[in-house]
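A short write-up of the structure that comes next.
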Amino acid sequence: MRDGRLSANLLDWYDRHARDLPWRVPPDARRRGVMPDPYAVWLSEIMLQQTTVAAVKGYFHRFLARWPDVTALARAEDGAVMGEWAGLGYYARARNLLKCARVVADDLGGVFPDTLDGLRALPGIGPYTAAAIAAIAFDRPECVVDGNVERVMARLFRIETPLPAAKPEIRSRAEALTPRARPGDHAQAVMDLGATICTPKSPACGLCPWRGSCAALAAGVQSDLPARAPKKPKPVRHGIAYLGRREDGAWLVERRPERGLLGGMLGWPGGDWGEMPQEVPPVNADWRDPGVEVRHTFTHFHLRLGLRIATLPQDIQPKTGEFVTLHPGDLPTVMRKAHDLAKAALDADASG
DNA sequence: GAGTCGTGGAA
DNA sequence: TTTCCAAGACT
């Protein structure tokens with residue numbers, strides 16, 4: 001079953017072409033026995049879920065500088081972690097990151113589990129991430145199956161079944177390729193291969209260590225795999241955000257509910273987003289339409305967000321939300337877009 | 001199994 | 001401009 005030749009080819013390629021990443025211990029150092037900090041591996045893997053390496057790098061450095069170990073992160077305030085995560089997306093990851101850190105710090109003595117089951121039981125750690133941490137941080141022979149692995153296996157073995165139906169076969173193929181020796185490097189090698197050679201569009205098959213074994217390449221269908229089930233069109237939702245700035249410069253914001261879209265993040269008051277925009281001002285004031293709207297696309301819908309802006313008197317008592325000295329970088333992107341437009345309009349009002 | 005949950009870069 | 005989709009998890 002196990003194909004030692006393919007595995008050896010891949011590890012040889014990885015020894016020469018491994019990407020240099022801030023959370024990674026390069027293959028030559030691992031050979032000398034150097035292992036990565038499990039905290040750094042965990043942090044990077046959570047950030048990398050559905051997120052590009054380029055987007056993650058800055059966040060990884062800032063988190064590690066601010067919270068150097070899991071105990072420090074566990075002691076952080078919720079709002080500080082959510083603010084530091086702002087802009088990276090999928091904010092349930094940040095909420096679970098903090099939950100996980102507190103379990104590890106409070107119940108596990110600050111030590112990450114080194115087994116698949118132990119890791120899998122922690123908040124925010126699913127099948128992929130548990131296998132990745134076990135393999136990369138602890139060199140356990142676990143099989144990682146992420147989007148890269150799915151694409152590489154679908155091509156290498158010419159699996160024509162569309163995703164997600166093909167997942168069982170893909171996992172079976174990937175497990176058969178996972179070696180007992182250097183499983184951590186193997187896991188990182190398959191993902192590097194998928195990220196740099198076996199890319200979604202126009203793969204660089206001429207540079208691939210598996211070009212001689214790839215069934216899709218032999219048939220010339222590599223760019224058509226993996227096949228995917230057709231996706232549904234995104235509806236358009238409409239909303240209105242109220243951006244009120246008090247005379248002292250504080251902004252009226254509200255903390256969004258823990259569950260759901262942008263859960264736990266700061267946002268602007270306003271009604272729900274739906275077929276029709278809802279006029280729900282958080283306080284009676286001279287709200288003005290700046291004449292511009294925010295357009296933003298989420299995973300499953302397009303948003304057109306109308307704006308209302310006002311300068312609010314110092315002693316005003318809002319029906320909802322609170323006034324804060326705002327750091328725009330603490331806002332999720334859609335809210336920061338609204339802030340930037342509103343600030344420009346309000347500043348123009350003040351100077352004109 | 002299917003829906004929810006962000007963002008930005010590339011084509 | 002629009003679509004695709006990137007180291008998925010949770011419900």
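Quantities reported herein were computed from a predicted structural model and do not represent experimental measurements. Naming: A, B, ... by sequence-line order, numbering from 1 per chain.
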For A:Gly194, answer base if it contacts any base atom (sugar-phosphate contacts may also be present), sugar-phosphate if it contacts only those atoms, and nothing otherwise; contact means non-hydrogen atoms under 4.0 Å. nothing
What does A:Gly263 touch in the nucleic acid at a heavy-atom separation under 4.0 angstrom: a base, only the sugar-phosphate, or nothing? nothing
Can you name the closest pair of heavy atoms from A:Ala131 and A:Cys143 and give their distance? CB-O, 3.5 Å
Among the candidates C:dG8, B:dG8, B:dT7, find the nucleotide nearest to the side-chain atoms of A:Arg336. B:dG8
OP1 or OP2 of B:dG3 sitting under 4.0 Å from any side-chain N/O of A:His300? no
Smallest separation among heavy atoms of A:Val145 and A:Ala174, with atom names: CG2-CB, 4.3 Å
Would one find a side-chain N or O of A:Lys231 under 4.0 angstrom from OP1 or OP2 of C:dC5? yes
Considering only side-chain heavy atoms of A:Asn96, which listed nucleotide, C:dA6, B:dT7, C:dC10, is closest? C:dC10
Ring pair (Phe, Tyr, Trp, His ring centres under 6.0 Å) with A:Trp23: which of A:Tyr59, A:Phe60, A:Trp42? A:Phe60
State whether A:Arg24 places a side-chain N or O below 4.0 Å from either non-bridging phosphate oxygen (OP1 or OP2) of C:dA7. no
Less than 4.0 angstrom between a side-chain N/O of A:Gln49 and OP1 or OP2 of C:dG8, yes or no? no
Under 4.0 Å between any heavy atoms, over every strand shown, what does A:Pro127 touch: base, sugar-phosphate, or nothing? Just pick one. sugar-phosphate
Shortest non-hydrogen contact between A:Pro282 and A:Thr320, atoms and distance: CB-CG2, 3.5 Å
Give me the distance, rounded to whole Å, that separates C:dA7 from B:dG3 when you measure between the C1' atoms they each carry. 22 Å
Please determine whether a side-chain nitrogen or oxygen atom of A:His296 lies at a distance below 4.0 Å from atom OP1 or OP2 of B:dT7. yes
What nucleotide among C:dA9, B:dA11, C:dA6 has an atom nearest to a side-chain atom of A:Lys201? B:dA11
To the side chain of A:Asp146, which of C:dG8, B:dT7, C:dA6 is closest? C:dG8
State the CG-CD distance between A:Asp78 and A:Glu258, to the nearest 0.5 angstrom. 7.0 Å
Taking atom types as modelled, is there a side-chain donor on A:Glu279 or A:Tyr242 under 3.5 Å from an acceptor on the other? yes
Within this structure, what is the CG-to-P distance between A:Asn148 and C:dC4, rounded to whole angstrom? 19 Å
C1'-based separation of C:dC4 from B:dG6 [nearest Å]: 15 Å
A:Ile46 near the nucleic acid: base, sugar-phosphate alone, or nothing, with a heavy-atom cut-off under 4.0 Å? nothing
Would you say a side-chain N or O of A:Tyr91 is under 4.0 Å from OP1 or OP2 of B:dT7? yes
Where each residue is assigned the nucleotide of DNA chain C containing its nearest heavy atom, which of A:Arg295 and A:Ile125 is assigned the position nearer the 5′ end? A:Arg295
Please evaluate residues A:Arg182 and A:Asp139 with respect to the criterion salt bridge (Lys or Arg N to Asp or Glu O under 4.0 Å), reporting the C-alpha separation (whole Å), side-chain torsions for both, the decisive distance (0.1 Å), and the verdict. CA-CA 7 Å; A:Arg182 302 181 65 191; A:Asp139 252 334; over 6 Å; no
Toward the 5' end of DNA chain B, which comes first, A:Pro332 or A:Arg237, by nearest nucleotide? A:Arg237
Rounded interatomic separation in angstrom, taking CD from A:Gln50 and C1' from B:dT4: 12 Å
Within the modelled atom types, does a donor on one side and an acceptor on the other bring the side chain of A:Thr52 and the base of B:dG9 under 3.5 Å apart? no
Does C:dT3 have its OP1 or OP2 closer than 4.0 Å to a side-chain nitrogen or oxygen of A:Arg228? no
Taking atom types as they are modelled, is there a donor-acceptor pair under 3.5 Å from the base of C:dA7 to the side chain of A:Arg19? yes
Under 4.0 Å between a side-chain N/O of A:Thr129 and OP1 or OP2 of C:dA9, yes or no? yes
Any donor-acceptor pair, under 3.5 Å, between the side chain of A:Thr51 and the base of B:dG6, if you only look at N and O atoms? yes
If you look at every strand shown and take non-hydrogen atoms under 4.0 Å, does A:Trp23 touch a base, only sugar-phosphate, or nothing? base
Nearest heavy atom decides the nucleotide; on that basis, is A:Arg120 or A:Met191 closer to the 5' end of DNA chain C? A:Met191
If you look at every strand shown and take non-hydrogen atoms under 4.0 Å, does A:Arg95 touch a base, only sugar-phosphate, or nothing? nothing
Base, sugar-phosphate, or nothing: which does A:Thr333 touch, judged by heavy atoms less than 4.0 Å apart? sugar-phosphate
Base, sugar-phosphate or nothing for A:Leu88? Non-hydrogen atoms, less than 4.0 Å. base
In whole angstroms, the gap separating C1' of C:dC4 from CZ of A:Phe298 amounts to 18 Å
